[in-house]
**Student:** 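Questions regarding the structure given below will be posed in turn.
Chain A is the first sequence line, chain B the second, and so forth, proteins listed ahead of strands; every chain is numbered from 1. Side chains included, hydrogens not; waters and symmetry mates left out as well; all remaining heavy atoms used.
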Amino acid sequence: MKATRREFVQWAVASGISLGVSRIGVAEIPGFLSHETLPGRGTKTPKTGRVDGVAKATGAKLYASDFRASDLPGWPPETSHALLVRTPNATHIYLGLDLERLSKIARPSVLVTSEDMKRVNIRVPEFYAGDLFCPAGTTPVYLGQPVAMLIFEKFDVFDQARLALRDGNFLKFGKETGPLTLPNYGAFRFTRVAGATPSDPDVYSPVQAGWISPGFLESSGRPIWKPLPVAKGSEYVKGATYGEEIRAKLASKDPDVLMLDRKFETQSVDPMFLEPEAGLAWYDPASKKLETVLGVQSPFEATESLAHLLGEAIPTLKPKIIDAQFAYVGGGFGGRDHTPFTLYVGLAGMFFPGHPVRLAHDRFQQFQGGVKRHAFKMRTQMSVDRATGKITAFAADHVLDGGGLMNYSPSVATVGGTGALGIYDVPRVDVTTVAEHTRGVTAGSMRGYGTLQTMTALESLVDEICTLLPMDQVEFRRRNALRLGGKIMTGHAYSVSVRTSEILDKLEVHPIWANRAEEKARAKPGFLIGTGVAIAAKDYGTGADCSLGRVEIDADGRISIHSDAVEMGNGIGTALANRVSYHVGGIADEVTVAQVDAFDVLELVKTGDPFTMSQDAQDAGAKNTRWVPEISSATSASIGAHVGTHAAAQAARIIFRFGLWPAALVLWGIAPSDPRAKQSEEAYWQGDTLVMTGLDPLPLKNIAAKAHRLNLVTGATAHAFSRWSWSQASFLISGETWSTDIDALAVRYGGSKFTRLDRSSVTFPPTDFNRIGVAFASLCGTGVRVEIEKATGKLQIVKAYSVLECGKALVPEVVVGQSQGGFAMGVGYALFENLPPFEDGPGNGQWNLGQYLIARGSDLPLHDLEIEILPPVSSNEPPKGMAEVVMIPVVPALLSAIYDAIGHRFQSLPVTQQMIKDAIA
Amino acid sequence: MTTVNMMINGQAYGPMDVRDDLTMNDFLRECLGMTGTKFGCGAGQCLSCSVIVDNPDGTSHTNPTCIVSAANFNGKKIRTIEGHAKNGELTILQKSFIEHFSFQCGYCTPGFLNEGQVLLERLEKKPLVREDLESAIGEALDGHLCRCTGYVKYHEAVKAAILKEPKRYLKDGGR
Amino acid sequence: MKNRLWILTGIIGIVLIFILRAEAKSASAKPLLENTLASPESFASIKDPQKLSAAYFTELSKVLTNQRCVNCHPSGDTPRQGDTRRLHQPLVYRGVDGFGTNSMRCSTCHQSANFEPGRIPGHPGWHLAPSEMAWEGKTVPEICEQIKDPQRNGNRTLHDLIDHIGKDTLVGWAWQPGYGRTPAPGTQAQAGALVEAWVNSGAACPQQQSSR
């Protein structure tokens, strides 16, 4: 088996590398964190807007790609530049680099190859398992695999080498071997047979029986899904037997049942975040300290991975300290969650000791080396009772192109698989999924995470069923929609609000849907009009989500917030400031995100993998008051609002309850014995003024000053962990027991230092919850109207409407913005974006924008795109993740609208203008 | 090598010797450390690297920097995102971008801001009738790619900045 | 959940299986496109003067219908680009003068010469051919008639065409298009010689059935 996170950390400790130690700043150059702390004290800001608004509108240094050595205090002034040379060939034996020819153009100062990895004993973290560089004499595992890293002391030499390598062939290849065939990354089967009535327990489900994988492979490497009559893998046999029964029923001819069996293919696409990956590393051999500047969605993981990478290296190349600093991110969309790029940045620094080295992709390299969205091949079957319009059974088979390295492939396969049933409540379900290795560029996490693909296939199938029954598309969905308490494919119910009916009602009465017949009839000569609708339910959270937050108020009432969450455009900094202000009244003027070392006072430790640990192991761990199942998690899976702000909000609540509130009581002259002293919940903030009925309003400034003078709580640092529910713990604060949804806490009294508090009791969510897969989901429905020019096949989206629910929207403007952006990304996926697999694809190093098309303004209904956010079900409904779900329904809605307009159903993506033109002809 | 001189945000740079195949983008980012101008694609496709060129005839236009040599900018006057605000005072358009939550990750913002600013200045010299406004904004911004926002709030922000002062930018004050 | 699955996949094991795929095609086996022009002399065997003249034009049409020329002689208001003739990205329009719109002038990106670091073509006069000179989607006989018509050839005499095609430097760019773009067939001088031969032989057009 593989190394777990525990081993990473143990190694980091055992090998004597300490992580995330802050640097001592030099006066004249502002420290890195002063760039990343926004808006910054004294910055003039407009009344509304994001905390990073001014920095981003003025071109401040903010992103990892903005920093050079000369921008960082204490670093040598000159920046050297590294270049990853990647292979465009994965079918021939790689012989080596023609360094002699390259050196005539541009001579590198350092050459790093596979041999160096062995020589200095570099260890690849298990998640990235595989050769960091293709060894000479072997066939590259995938297109775009690095074969060497070149480091150039001077920019001009580097730049000339970059151009030469881009345009010329400097890699030598020998004999043709064909592509390597490697085992698949994971194969899973999800089968559920419901009880006779909704109140009966399931006959079989993944939650009851555990998750199953087939134990046997064909010679081609494909899993054998049928249960084999052998003793081995009996758990699989049981589930698969139920699955095969469902398949047999689907195949049987029954005139009362409509059964549809369709294939659907989706393409590989690039996250196409605007900032190509970039990083900076400097290893100072004197102090044995490696400093890095990176921009990733998973800072804690990146730091751990660097420590693992170098943990067993030879003494001259093993740092004592790694100080990893993380910058704002120029777009992520999943593509910067667990990116191998980080490892190469670290190596670049280590292999040119004493020199700060920058590694930065250009766009060709980003296409060639960045993680992609999985291409899916799907078969989907659904049977519907013609009389009732109820879905009786569902089966699907998914094959994912995982590309060259495993990365998140198994996880994407399961999330796509368990999401394949969208919003529907179906009693008999059987889904198989396998993620395959291919020689393509590695696929990994990307917005939608497998469900975009499977729900597009699902909703297209549903649309066709509605045509064939026939039944109105909204009505059919209403009859089959999951409701609160209804079970999903894994055999449990969502633990959050499920608002399918409301979303369907909204779609039904919206003019786009209500007026579709009239609008279709009104098409201009030479044009066709079509209307489509679709709905999606997307999980958020991973089942091991962590939140770290630190909030402080100074004696002038100024608030600062520190968080481990990453700002990648999602507005996390602004959401933090808003959620904290709900408790403490003011908007922070210092918000620092993506921090890994601001929470050291909590002294957190962990001992296992939160996804696989046993209940006993968790119980044993919990005895140590510093122990948590996991310390920090990536900003991904749409957890920003729900998780990212949680710890800071809890910290702010503690500051209010044990700092500001008692200070306010003193200012009001209310004695502790007065019954009003217990009514803290009834006070509320109006701007930065605390209001309590019958008492004088108090400005935050005065309360904060008093809290400092009285040595009350003025700062709190908290950690929280969620495995589909929050861990809970009790702490003794100011002599009072405080129980809440956190598991570690430190507080600051007055102007003193933070003190860690031992928890007096703790409850972590049971490890059994790991079988659930998902327990949180949010919904989005989309209606679109398209106009298609018959002669050219040109499609214009004339009107669109998306309705979503996300609990409490912390920053409504950001939610609307993400919804508009999700719509645009959905349009690109449905109509434009396409990366061919293999040699003609991005792994050849010749792809860029221009050839790769994403949606631009003129492709979208900029003045007719309506976004509606349902209000929360109650005033205390927590925020729900929404950044992924909003890009999903637009894709099948467009396919539905295209069918409505031209009478042809497309079963693959993207649907290009030429395809529409051909279908009309 | 070419010796270049240029005026950037009102400040003179040069004479400096640059390689003939050095892009203007690398000149700004690597040689001058001015990273407000972004690098997105290196192929003139996303325009996040656009700067404003002020022509001798008083007109201005945006120019991508990733596909044009630094030598080509010799003798030119340019403005970058770092040069819009004066003494910490944001321009109307910068404020409008912030107030409308126009950007998310913000990486494409410099290009949009420069393009919007050039449009404002062009309309000031040659006002439009109100009904042509949306299409003028659409045409101006359409070359710029954004992956986060869906473009809506950029368009709203530029429009709001213009409609804030209709007499300045529109024929007959926009009536 | 995201993390735990790569643990489960350990079931499958990590064994490298190398399979030689004998049928896999060689990556470098693409045939070279014919990219030459025949000289006027090589048509000497054609005795019918009409047919001879038309043959010169048919040979010349390998240039005129080449993507290097057609991409900027488009049927609409938007040029195409690349060997695959995809729509120009970013989307640009001819504007009133053929040099782009207010916000997107050709010259903002296309400088006075090709700039290879950006793989961007250039020429001081970079612009779109006027709409009436569109060749995209037309047959060779149609282009032939069009190119003889002063209303649709930029008000040129037949004689002007010899220099336009044979010597104009913007036209000449088609033979030095830069990295990743296949040059037009032959050389500009050879193309000019064909125009000259065609004009001097009466500028006959090929019959409609000839392929474009």
**Student:** Atom CD of residue position Gln50(C) - does it have more than 12 heavy atoms of other residues, nucleotides or ligands inside 6.0 Å?
**Tutor:** no

**Student:** What is the distance from atom CD of Gln89(C) to atom CG of Asn848(A), rounded to the nearest 0.5 Å?
**Tutor:** 11.5 Å

**Student:** Between CD of Gln851(A) and CD of Gln81(C), what distance do you get to the nearest 0.5 Å?
**Tutor:**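 Result: 10.0 Å between the selected atoms.
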
**Student:** Checking Leu849(A) against chain C: side chain, backbone, both or neither under 4.5 Å from a heavy atom?
**Tutor:**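 For Leu849(A), neither part sits under 4.5 Å from chain C.
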
**Student:** Take a 6.0 Å sphere around NZ of Lys51(C) and say whether it holds more than 12 heavy atoms from other residues, nucleotides or ligands.
**Tutor:**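 Not more than 12 within 6.0 Å, no.
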
**Student:** Heavy-atom distances under 4.5 Å only: say whether Phe364(A) touches chain C with side chain, backbone, both or neither.
**Tutor:** side chain

**Student:** To the nearest 0.5 Å, what is the distance between CG on Leu91(C) and CG on Asp859(A)?
**Tutor:**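 If we round to the nearest 0.5 Å, Leu91(C):CG and Asp859(A):CG are 7.5 Å apart.
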
**Student:** Could you check which of Asp362(A), Asp167(A), Val141(A) has the highest count of heavy-atom pairs closer than 4.5 Å to chain C?
**Tutor:** Asp167(A)

**Student:** How about CZ on Arg86(C), more than 12 heavy atoms from neighbouring residues, nucleotides or ligands closer than 6.0 Å, or not?
**Tutor:** yes

**Student:** Please state whether the side chain, the backbone, both or neither of Arg723(A) comes within less than 4.5 Å of a heavy atom of chain C.
**Tutor:**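 Arg723(A) has no heavy atom closer than 4.5 Å to chain C.
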
**Student:** Mind listing the closest non-hydrogen atom pair of Arg166(A) and Glu116(C) along with its distance?
**Tutor:** NH2-O, 2.8 Å

